[in-house]
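Presented below is the structure to which this report refers.
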Protein chains: 2
Amino acid sequence: MIDDISLQILKILQEKARIPNVEVARQVGLAPSAVLERIRKLEKQGIIDGYEVRLNPEKLNRNLVAFLQISLVRPEAYEDVAAALTALPDTQEVHFVSGNDVFLVKMRSSCVAELHHTVQKQIAGLPGIARVNTRIALATHKESATIPLDAISPETRSSALF
Amino acid sequence: MIDDISLQILKILQEKARIPNVEVARQVGLAPSAVLERIRKLEKQGIIDGYEVRLNPEKLNRNLVAFLQISLVRPEAYEDVAAALTALPDTQEVHFVSGNDVFLVKMRSSCVAELHHTVQKQIAGLPGIARVNTRIALATHKESATIPLDAISPETRSSALF
DNA sequence: ATTGAAAGCATACGTGG
DNA sequence: CCACGTATGCTTTCAAT
């Protein structure tokens, strides 16, 4: 069961994870040690999965986002293809989506040449692959992994117990 | 210019952002104060964009991932549609992709009913929208925003200067 | 959940490479 | 320009309540 205070803590951390505990305590109106205990519990429950730094892709020369739709000739190739796609360093996401039985892959590369190389040399030749449909993001208006915590209903909270 | 040590610091923080400075210093073999100075510089350069907590979507009842492909009747609607999509709480990503002049939207919802509601009530009726093609992720094999720092070449490093 | 004490850590500054 | 060591003031952590 997650109460309002823990939810508030998650919300604070989701925006600024590297703020001191005392500051969180001040914002939620508890003693620092109480906040710490709650955070530890959230970590043990697996609700908090870890802490990450947000890096700027542009500054690190990774500003090309592309989506690949990959269809298979043989369904048996599924596991191997999924593993191969997952292993590529430029791969950020690999989903299997309904509709046309295809993988939807999000890649982040440094430039078109690198993307081309990856698609041609590392993906297109994988056994079992039928087609690779590459689409480049011309503009990105939003990109986050944030989970909206305002929308968490009471039922949801109790389901987060185990 | 990013050198190996700063790169190593980024790599450490990308996995565990909430570890003490001293620990980072120990791992890279510098004094804590030197590490701090480098981190501050990376922040000021905009390479480090912030710190986030990674929450577990399953524990918070947000385990349904869907991708929408949205095409427009009129190109003039572009800005308004982009803004409306971005504003929805379940929206995690909004890209404009090459190919068929469509938005590619990643949504994370609690259940099919909620997704349906969002698509029908908040999206399908927006002025200027032609079609909404919804595809649900049946399986997710990889999902991360991590930038592969091993692949950073010397040229890239110098381009990160400004 | 709080308090308070002890340990550990962040940070500024002075020094030197 | 960058790293180090040190001193000071915080923060974290734990035991007791």
Side-chain angles (χ1 to χ4, degrees), chain A residues 1-56 59-61 149 152 154 156-158 160-162, chain B residues 1-56 59-60 147 149-150 152-162:
Chain A
M1 183 69 178
I2 302 179
D3 62 7
D4 281 334
I5 293 178
S6 288
L7 218 51
Q8 216 182 329
I9 292 172
L10 290 180
K11 233 182 286 183
I12 293 167
L13 291 180
Q14 203 165 228
E15 277 159 28
K16 278 179 144 289
R18 225 163 192 250
I19 72 175
N21 220 334
V22 216
E23 179 57 27
V24 181
R26 225 169 290 147
Q27 289 189 36
V28 301
L30 283 187
S33 47
V35 172
L36 186 72
E37 197 183 328
R38 280 166 177 270
I39 291 179
R40 292 282 171 274
K41 206 190 316 185
L42 290 167
E43 288 168 352
K44 205 154 58 193
Q45 287 177 303
I47 294 173
I48 290 179
D49 218 52
Y51 302 90
E52 275 177 350
V53 70
R54 208 183 323 122
L55 301 180
N56 188 333
K59 302 278 182 185
L60 292 161
N61 203 12
L149 294 171
I152 304 278
T156 306
R157 296 179 193 184
S158 55
L161 238 183
F162 50 87
Chain B
M1 181 69 178
I2 302 181
D3 63 6
D4 282 333
I5 293 178
S6 288
L7 219 49
Q8 214 181 329
I9 292 173
L10 291 181
K11 233 182 289 184
I12 292 167
L13 291 181
Q14 201 164 228
E15 279 160 26
K16 277 178 143 291
R18 223 163 192 252
I19 73 175
N21 219 336
V22 212
E23 179 57 27
V24 181
R26 227 170 286 148
Q27 290 189 34
V28 301
L30 286 186
S33 48
V35 172
L36 186 71
E37 197 182 335
R38 281 168 176 269
I39 291 179
R40 291 280 171 276
K41 208 196 295 185
L42 290 166
E43 288 168 352
K44 205 154 55 192
Q45 286 177 302
I47 295 173
I48 289 180
D49 218 51
Y51 302 90
E52 274 177 351
V53 71
R54 207 184 323 122
L55 300 181
N56 188 333
K59 302 277 182 184
L60 292 160
I147 291 174
L149 294 171
D150 305 296
I152 304 277
S153 63
E155 314 91 65
T156 306
R157 294 181 196 185
S158 54
S159 83
L161 238 185
F162 52 90

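We name chains A, B, ... by the order of the sequence lines, and we start the count at 1 in each one.
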Say whether, by atom type as modelled, one donor and one acceptor occur between the side chain of B/Gln14 and the main chain of B/Ile147 under 3.5 angstrom.
-> yes
Nearest-Å distance, [atom1] ([X]) to [atom2] ([N])?
{"X": "B/Glu43", "N": "C/dT11", "atom1": "CD", "atom2": "P", "result": "9 Å"}
{"X": "A/Glu23", "N": "C/dA10", "atom1": "CD", "atom2": "C1'", "result": "16 Å"}
{"X": "B/Glu37", "N": "C/dG16", "atom1": "CD", "atom2": "P", "result": "18 Å"}
{"X": "A/Ile19", "N": "C/dA10", "atom1": "CD1", "atom2": "P", "result": "15 Å"}
{"X": "A/Asn21", "N": "D/dT13", "atom1": "CG", "atom2": "C1'", "result": "10 Å"}
{"X": "A/Leu30", "N": "C/dT3", "atom1": "CG", "atom2": "C1'", "result": "14 Å"}
{"X": "B/Leu42", "N": "D/dC2", "atom1": "CG", "atom2": "P", "result": "11 Å"}

With respect to A/Ile9, which candidate in A/Val35, A/Ile2, A/Ile48, A/Leu149 satisfies the side chain to side chain contact (heavy atoms under 4.5 Å, CB included) definition?
->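 Going through A/Val35, A/Ile2, A/Ile48, A/Leu149 one by one, the side chain to side chain contact (heavy atoms under 4.5 Å, CB included) with A/Ile9 is satisfied by A/Val35 alone.
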Determine, for A/Arg40 against A/Glu37, whether the closest basic-nitrogen to carboxylate-oxygen distance falls under 4.0 angstrom.
-> no
For the side chain of A/Ala34, counting heavy atoms from C-beta on, which of C/dA1, D/dG5, C/dA10 is nearest?
->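 My answer, after comparing the listed nucleotides, is C/dA1.
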Candidate nucleotides C/dT2, C/dA12, D/dA3, ranked by approach to the side chain of A/Ser33 - the nearest =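 Side chain of A/Ser33 sits closest to C/dT2.
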Tell me whether the OP1 or OP2 atom of C/dA10 has a side-chain N or O from B/Arg40 closer than 4.0 Å.
->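 No.
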B/Lys41 side-chain N/O to D/dC2 phosphate OP1/OP2 under 4.0 Å | yes
Let me know, please, whether A/Arg18 or A/Pro32 comes out on the 5' side of the other along DNA chain C by nearest nucleotide.
->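 The answer here is A/Pro32.
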How would you label the contact of A/Arg38 with the nucleic acid (heavy atoms, under 4.0 Å): base, sugar-phosphate, or nothing?
->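 Here A/Arg38 touches the backbone only, sparing every base.
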Please round to the nearest 0.5 Å and tell me the distance separating atom CZ of A/Arg18 and atom CG of B/Leu13.
-> 5.5 Å
